Amino acid sequence: MSEINKDINSTEKLLNAIRKKDEKSFTSLQRPEAAFSGKKPLKKIKLTFPKRFSNKKNYTVGVDIGREFIRLVKTVKGLGDKSVLVDQRIVKFGPQISKDSSEFIALLKSSLAAFCGSPANCDIWTNVSTSEVNVYYLKVPRVPKKQLGNVVYWTAKKEGYIDDEKSVFDFEIQNEIVEKVNPKYSVMVYTAPKAEIEKIKTLFSDIGITLAGITIISFAIQNIFRSGWMPAIKEVFVSLFIGNDFSRIDVFNKENLVMTRSVKTGNSSMVEAIIESVLEKTGNVRLRNDEAKKILCSLSPDSEKLKNTDFGYDFKKEEILEMIFPVWERLARQVDMTLKHYTSAGENKKIEKIYILSSINVYNSIRDYLSDQLEIKTEFFDPFRQQTVPSSVKSLNISERIFLAPALGLSLSDNKHTPNAVFTYYEKDKEINIKRINKITFLSFLAALFACLLLIVYQGFQINSAAKQQEKLRKDLALLNPLLSVDKVSKIADEVKMKRKIARQYVHRYSGMAVIGEVSDITSPDIHLIGLKIAEEKALPKTDDKASKEADKGTEVIIQGVISGPRNMLDSNLSRYVMKLENSPMLSHVSIQKNSIVTFKKNEILHFILSAKIG
């Protein structure tokens, strides 16, 4: 305990500074010496994580706040996701300091700041009193996961375990069982008072810390086995915590807490037994609680021996054991009844081991007594015994190691395997849905990215192919002889223009003959041409107002003739003749300039004059 006293001294100095309202803030105080450090301070383990995990905290810190101690343990994930102990500390404060006082808040803040370094880099877990939390065990039908939360909730509601207004409700599926052929889930359900949870959250938020989780010590001990820190060698075993005002009996089946019970027998009962025994023997001496507790602690080799000025200095060990024996007997009987109840109500599995934890320094006599009475192998709970730990931890006595066990369990917490009163099944389901949406979004992005990459690769091939084709055409063009130049192109263009000019001259010279031949081919036997005139640029005056507006330009053809035949067919024959001329590839814009009925040799004939354009 000498090392603890060193830390106590530094704590007292801190409290004195707070009481005197020192000008310097407690946050600027030097980091107090580690509770269990040797001559040299323990070096911190610094790990560098990849950037993709930068949102995950590096360290997990367990904070166990007791009556007179703040116990701190820091761990970090090492190789194979196995936790590694980084640091530990026990900070003592006097019973005169209330947990609601500003002094305690300042002490907690400075202790965490000194221990964590940067609290923002740590997931901080703490505990709520086990007496405030109710743990139940249910069996529910096997249903789909989406319906499981509602089934458990309403089953617990039906049993009267839940008060929605006053308590936080959470559950954990432990395993699947078959009961009368029907498959069911074995479910652990717990409720914690909302007021107490909010009180703890407020305590830490007032010092600028957002808690990662709040759980109970029973679940913290469960973490030690679930995290693989300490293997659960025995199938069914018990953790017996002998506290000040009560003792807690936790039954574990492998890594799962399957039963927990508190009994009103603890170290304070032994203290009261010593006070009553001394009063009975002396008749007028009534010890104070701290004096009787000192006598009780003197049984442990880890405690300071009684001085000759202390009352009970001359007491022999056997006399002290005789005083507290009735309390041992009552505790053993309560433990035995609890274990028999579990065995009869469970699968008749034998309890194979009992681990003892205590709020005061432990002594071998109580371990040996419980082992003999219960006929079960019993040992003190030392979670550091088979671990690779710093030398400062190896130097601790068994009592100090037991004191750190709850804080160690808290530092091994993880939402995957630790019931968390501030992150219940509802928040877990919500987080799962968010992760599922994020996963779908990420996969969709990957699919789009893959499609874009394929498109880029395809376009790359296309560009490469086009570049090769271009290079081939360039080489083919280079092989042409002679190469083209501006002068050569101009010369060829002039030759083409000359040829076109000569061709137009031929067309102009022989267009009249071509028109005569075309008109002759179109004209039917009943149509007799009187005259055919080809006029340049300007046509004869037109009688039809709807004639083409382009008649003032180009070569115009005037056709004059008569149509013979029946009187009623003359106009239709003229119209047919005009349509044939219009359809001719040589003539266009055919229009009737004049048409009239005349008498020729006592027969009526149709006299007409037509105009048309060549081309």
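These numbers come from a predicted model, not from an experiment. Numbers here are sequence positions counted from 1.
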Point to revise | Closest heavy-atom pair and its distance - Ser218, Arg248 | key: OG-NE, 2.9 Å
Review point. Less than 4.5 Å apart, any side-chain heavy atom of Tyr369 and any of Arg367?
Key: no
Practice item. Quick one: pull up CD in Gln373 and CZ in Arg333 and give me the separation to the nearest 0.5 Å. Key: 10.0 Å
Point to revise | For the student: nearest non-hydrogen atoms of Leu357 and Ser239, plus distance | key: CD1-OG, 3.3 Å
Point to revise | Any donor-acceptor N or O pair under 3.5 Å, side chains Ser277, Glu280 | key: no
**Study point:** Within 6.0 angstrom of Lys194 NZ, more than 12 heavy atoms from elsewhere
**Key:** yes
Review point. How about Val61 and Trp125: do any of their side-chain heavy atoms sit closer than 4.5 Å?
Key: no
Practice item. Run the numbers on Ser399 and Asp302 for side chain to side chain donor-acceptor pair (under 3.5 Å), then give the verdict. Key: CA-CA 7 Å; Ser399 297; Asp302 302 329; 2.6 Å; yes
Check your understanding: Once you round to the nearest 0.5 Å, how far does SG of Cys122 lie from OH of Tyr59?
Key -> 7.5 Å
Point to revise | Side-chain heavy-atom pair Ile320, Ser298 within 4.5 angstrom cut-off | key: yes
Practice item. Starting from the C-alpha separation in whole Å, work towards a yes-or-no answer on side chain to side chain donor-acceptor pair (under 3.5 Å) for Glu427 and Thr424. Key: CA-CA 5 Å; Glu427 284 81 13; Thr424 62; 2.5 Å; yes
Review point. Taking all non-hydrogen atoms of both residues, which atom of Leu85 and which atom of Thr75 are closest, and how far apart?
Key: CA-CG2, 4.2 Å
Point to revise | Residue Lys317 excluded, over 12 heavy atoms near NZ under 6.0 Å | key: no
Check your understanding: Taking the six-membered ring of Phe69, is the NZ or CZ of Lys92 close enough (under 6.0 Å from the centre) and on axis enough (within 45°)?
Key -> yes
Review point. Tell me, do Leu203 and Phe104 make a side-chain contact under 4.5 Å, heavy atoms counted?
Key: yes
Check your understanding: Can you tell which of Phe219, Phe169, Tyr137 makes a ring-ring contact (aromatic ring centres under 6.0 Å, His included) with Tyr190?
Key -> Phe219
Check your understanding: Which is it for Glu198 and Lys201 under the salt bridge (charged side-chain N to carboxylate O under 4.0 Å, His left out) test, yes or no, and what are the steps along the way?
Key -> CA-CA 5 Å; Glu198 289 300 321; Lys201 289 169 64 177; 3.6 Å; yes
Check your understanding: Rounded to the nearest 0.5 Å, what separation is found between the CD1 atom of Ile216 and the OG atom of Ser131?
Key -> 10.0 Å
Point to revise | Rounded distance (nearest 0.5 Å) linking atom CD of Glu379 with atom CD1 of Ile356 | key: 9.5 Å
**Study point:** Heavy-atom pair of closest approach, residues Asp170 and Pro419
**Key:** OD2-CA, 4.5 Å
Review point. Is the shortest heavy-atom distance from the side chain of Ile214 to the side chain of Phe423 under 4.5 Å?
Key: no
Point to revise | Inter-residue atom distance Thr126.OG1 - Leu211.CG, 0.5 Å rounding | key: 6.5 Å
Review point. Strictly by modelled atom types, are Thr60 and Asp123 linked by a side-chain donor-acceptor pair under 3.5 Å?
Key: no
Review point. If you take all heavy atoms of Arg226 and Glu255, which pair is closest and at what distance?
Key: NE-O, 3.2 Å
Point to revise | Non-hydrogen side-chain atoms of Lys294 and Arg288 separated by less than 4.5 Å | key: no
Practice item. Find out whether Asn420 and Thr215 are in side-chain contact, i.e. whether some heavy atom of one side chain is under 4.5 Å from a heavy atom of the other. Key: no
Review point. Where is the tightest heavy-atom contact between Leu138 and Glu159, given as atom of each residue plus distance?
Key: CD2-CG, 4.2 Å
Exercise for review: Could you tell me whether Glu322 atom CD has more than 12 heavy atoms of other residues or ligands within 6.0 Å of it?
Suggested key: no
Review point. Just wondering, do Ile221 and Phe381 contact through their side chains at under 4.5 Å, heavy atoms?
Key: yes
Review point. Does the side chain of Glu176 come under 3.5 Å of the side chain of Ser186 through a donor N or O and an acceptor N or O?
Key: no
Check your understanding: For the atom pair CG (Asp372) and CG (Asp368), what is the distance rounded to the nearest 0.5 Å?
Key -> 6.5 Å
**Study point:** CA sep, side-chain torsions, deciding dist, call: Asn244, Ser268, side chain to side chain donor-acceptor pair (under 3.5 Å)
**Key:** CA-CA 5 Å; Asn244 291 317; Ser268 60; over 6 Å; no
